[in-house]
Number of protein chains: 2
Amino acid sequence: MKKKATLADVAAAAGVSKMTASRALRGVRDVSKANIARVRQAAQELGYVGNFLAASLSSQRSDLIGVVVPNLANIVFAQVLSGISEGIAGSGMQPVFGVTDYDPDKEYDIIRNMLSWQPAGLIVTGLDLPEATRRLLENAEIPVVQIMDIDGEPVDACVGFSHIRAGEEIAQALIAAGLRKFGYAGCALTMDVRAAKRRIGFQRALIQNGLDFVEEVEAFELSSIGAGRLLTEQLLKKAPDVDCIYFSNDDVAAGGLFYCLEAGIAVPGKVALAGFNGLSIASGFPGRIATVRTPRREIGRKAAEIICSALDGKPAGGEAIELTPEVDLGLIGARKG
Amino acid sequence: MKKKATLADVAAAAGVSKMTASRALRGVRDVSKANIARVRQAAQELGYVGNFLAASLSSQRSDLIGVVVPNLANIVFAQVLSGISEGIAGSGMQPVFGVTDYDPDKEYDIIRNMLSWQPAGLIVTGLDLPEATRRLLENAEIPVVQIMDIDGEPVDACVGFSHIRAGEEIAQALIAAGLRKFGYAGCALTMDVRAAKRRIGFQRALIQNGLDFVEEVEAFELSSIGAGRLLTEQLLKKAPDVDCIYFSNDDVAAGGLFYCLEAGIAVPGKVALAGFNGLSIASGFPGRIATVRTPRREIGRKAAEIICSALDGKPAGGEAIELTPEVDLGLIGARKG
DNA sequence: ACTGGTATCGGTACCGGTATCCATATCAGT
DNA sequence: ACTGATATGGATACCGGTACCGATACCAGT
């Protein structure tokens, strides 16, 4: 029955004006101790909750930070989110998440939707946005940070690393370790632009060394352990003599490892596996999978910090922050040695 | 410079009143084709985005559904979220996520925060809420669905399954398969109430059969593969003769499996492993881990549907929907014969 | 007693939309 | 030509807060 209590109700109950009640609850200057206590108490008794909508509409600002990621099934993004939480801790900001499922249309809708909440800033995954989406962000007039990638032109600021270079570097390392016959197994490369960039970098390094992929297999579903198993089986059937398989990420690589373990194929003795991301699943068999460890939490934190500092007047102005991932060959180093 | 276009700007540009513009953009009755086109065009040209805050404040309703989960690192909740997305598809609702990290205080804050957005409904993980949090939900006067669990008293409606019974059932099945010497390995049981409930159910079934855990080990960190490895090593050191280990979930169990594989312990030949959730990581080695497959996506979908239908006038009124998880013994059935 | 300063409060005008109700135009039917 | 129904547009009053500025009270200093 009692429809939700409003600030006016609280004020009335405390015997003060709306304004005083508002100030008391927000802890803003110029309210006597006595009134603060009275208002607090009244709010408590009425179960007053406040109305974010009215507050931000009126004050023309909000403490929301919109975060757009492609996918939550991949733990990588969960970790980015956790980094973001860290980065905004204490700033009073509140993150709001949106998931695009790698669908550009959905991405456009979600970003538009988020903008309609008048967020203070936006964190968006990826640099390669459709034109319309890009315009949306450009017109938003709020700080925008694009994360995970730096191979491209950000709308505003960006934090991430070069996937092309990451692919190149692990390829160089694997070649230096003596591997020569490379296969590739990837999932959903048309959707996952960044995985595609890594593949390109990897292949570029191969070619510079007079090599190339001996064989490639691809699945169109999203990456998963199961897909990794199947792809690996396919690849080894087509090209049994590869001595290294590069996977689009660690999930797929883990599937490959599991397949090899059950099939009795020594890893990395007979065939070396390389993935991407340094996921904990790969740590289930320490060192078996070569990987590139990426600073995900760091990226989230940095992105959040950029937004927060941009809000403190400092105009971000197209910062591009490059973090460096770290190649980890695991047991491969010891393979031939 | 041009500060963001408002509806008034669009209306002016289209040569109509604010109301007509509002109606045209929302596709509500009684606007001529000609004006709809004019308004649409004007909105397009001005890059008008709309203001969710003002709209919901004015109309006294919102299309937000708040979703509170404890953790995103555990894929289970990502899948619940994806089920929720399915469930609200086409209803025009929009989910907003909050993560509590299993912290009751944070949970309270997040729920309070969400309520201040005047959401149309709330989906909250778990039945066991602190008193203050519970009151918050009771006073909210919006549909609330608690998910994942049904062992307890919901504030409003709930969708899930009985963790106690899930524990009992897999225990019964394992006993029936001939296992007798059980060990337990779990993570963060004080935080993860539902894992604790499963343990209780499991133990209850053991006792009913004149058995009990031979040995238990626990870690206080959140569940992970790494923790599973260590716990398993510890447990097998303390009690080398267990023939079955029950883990708090599949992540931990997978760690156990990996440990055994590397230590050359046959699974499930020498020791059987049982977890919970039917996670894809366990499917990396099909059948090796006994598990209870839970309908996570289903839970999310159902919860979303309850909220949506509650909003269509149908007062939900304390529905408690029990879904049944499914015991999967994997290779254990074949173990002894 | 008068002035000026400080600490507290309240009144009013919004923020950007939407609900509601009223006004006007158009047209068929008699 | 007049009536009433139907279709369409606009005016006004909010929704629940906050910014801004002015009002009041009280006290010290001269």
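Below, chains carry the letters A, B, ... as their sequence lines are ordered, and counting in each starts from 1.
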Expressed in angstrom and rounded to an integer, what is the separation of [X] atom [atom1] from [N] atom [atom2]?
X        : N      : atom1 : atom2 : result
B:Gln118 : C:dG17 : CD    : P     : 18 Å
A:Leu7   : C:dC9  : CG    : P     : 15 Å
B:Leu115 : D:dG17 : CG    : P     : 13 Å
A:Asn51  : D:dC14 : CG    : P     : 18 Å
B:Leu57  : D:dC14 : CG    : C1'   : 9 Å
B:Asp63  : C:dT18 : CG    : C1'   : 14 Å
A:Leu53  : D:dC14 : CG    : C1'   : 15 Å

Exercise for the section: Could you walk me through whether A:Ser22 and A:Arg26 pass the side-chain hydrogen bond (donor to acceptor under 3.5 Å, both in side chains) test, one step at a time? Expected result: CA-CA 6 Å; A:Ser22 168; A:Arg26 281 179 300 154; 3.0 Å; yes
Handout entry: Nucleotide nearest B:Met19 (side chain, heavy atoms from C-beta), chosen from D:dG16, D:dG10, C:dG17
Key =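 Looking only at side-chain atoms, B:Met19 lies closest to D:dG10.
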Handout entry: Per B:Ser58 side chain, nearest of listed nucleotides C:dT12, D:dG16, C:dT18
Key =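 Given the options C:dT12, D:dG16, C:dT18, the side chain of B:Ser58 is closest to C:dT18.
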Exercise for the section: Please tell me which of A:Ala54 and A:Arg38 maps to the more 5' nucleotide of DNA chain C, matching each residue to the nucleotide holding its nearest heavy atom. Expected result: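 This one resolves to A:Arg38.
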Problem - Closest-nucleotide ordering on DNA chain C, the 5'-leading residue of A:Lys33 and B:Ala8 - result: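 Nearer the 5' end of the strand: A:Lys33.
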Exercise for the section: Using a 4.5 Å cut-off on heavy atoms from C-beta on, say whether the side chain of B:Asp156 contacts that of B:Glu319. Expected result: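 Not in contact.
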Looking at [N], I'd like to know if its phosphate oxygens (OP1 or OP2) sit under 4.0 Å from a side-chain N or O belonging to [X].
X       : N      : answer
B:Asn35 : D:dG9  : yes
A:Ser17 : C:dG10 : yes
B:Gln60 : D:dG16 : yes
A:Tyr48 : D:dG16 : no
A:Ser22 : D:dT18 : yes
B:Ser59 : C:dT18 : no
A:Arg61 : D:dA19 : yes
B:Thr20 : D:dG10 : yes
B:Arg23 : D:dG10 : no

Practice task
Could you go through the side-chain hydrogen bond (donor to acceptor under 3.5 Å, both in side chains) check for B:Ser82 and B:Ser85 one step at a time?
Solution key: CA-CA 5 Å; B:Ser82 135; B:Ser85 298; over 6 Å; no
Exercise for the section: Record whether the side chain of A:Lys18 comes under 3.5 Å of the base of D:dG17 through a donor-acceptor pair of N or O atoms. Expected result: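 A donor-acceptor contact between them is present.
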Exercise for the section: Kindly say whether, by distance alone, the side chain of B:Arg26 makes a donor-acceptor pair under 3.5 Å with the base of C:dG17? Expected result: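 Result: no qualifying N/O pair found.
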Practice task
Decide yes or no on side-chain hydrogen bond (donor to acceptor under 3.5 Å, both in side chains) for A:Arg61 and A:Ser56, but give the supporting numbers first.
Solution key: CA-CA 5 Å; A:Arg61 58 207 161 69; A:Ser56 358; over 6 Å; no
Handout entry: A:Arg40, CZ atom: more than 12 neighbouring heavy atoms under 6.0 Å
Key =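 Incorrect, the count does not exceed 12.
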Problem - Distance, nearest 0.5 Å, that separates CD1 of B:Ile142 from CG of B:Leu115 - result: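 With rounding to 0.5 Å, CD1 (B:Ile142) is 5.5 Å from CG (B:Leu115).
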Problem - Test side-chain contact (heavy atoms from CB on, under 4.5 Å) applied to B:Leu72 and B:Val69, B:Asn74, B:Val76, the passing residue - result: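 Per the side-chain contact (heavy atoms from CB on, under 4.5 Å) rule, the option paired with B:Leu72 is B:Val69, out of B:Val69, B:Asn74, B:Val76.
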Name the pairs: protein N/O against N/O of nucleotides 23-27 of chain C, kept only if under 3.5 Å.
none

Practice task
Identify whether the distance between the nearest side-chain nitrogen and carboxylate oxygen of A:Lys4 and A:Asp9 falls below 4.0 Å.
Solution key: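 A salt bridge is absent here (no side-chain N lies under 4.0 Å from a carboxylate O).
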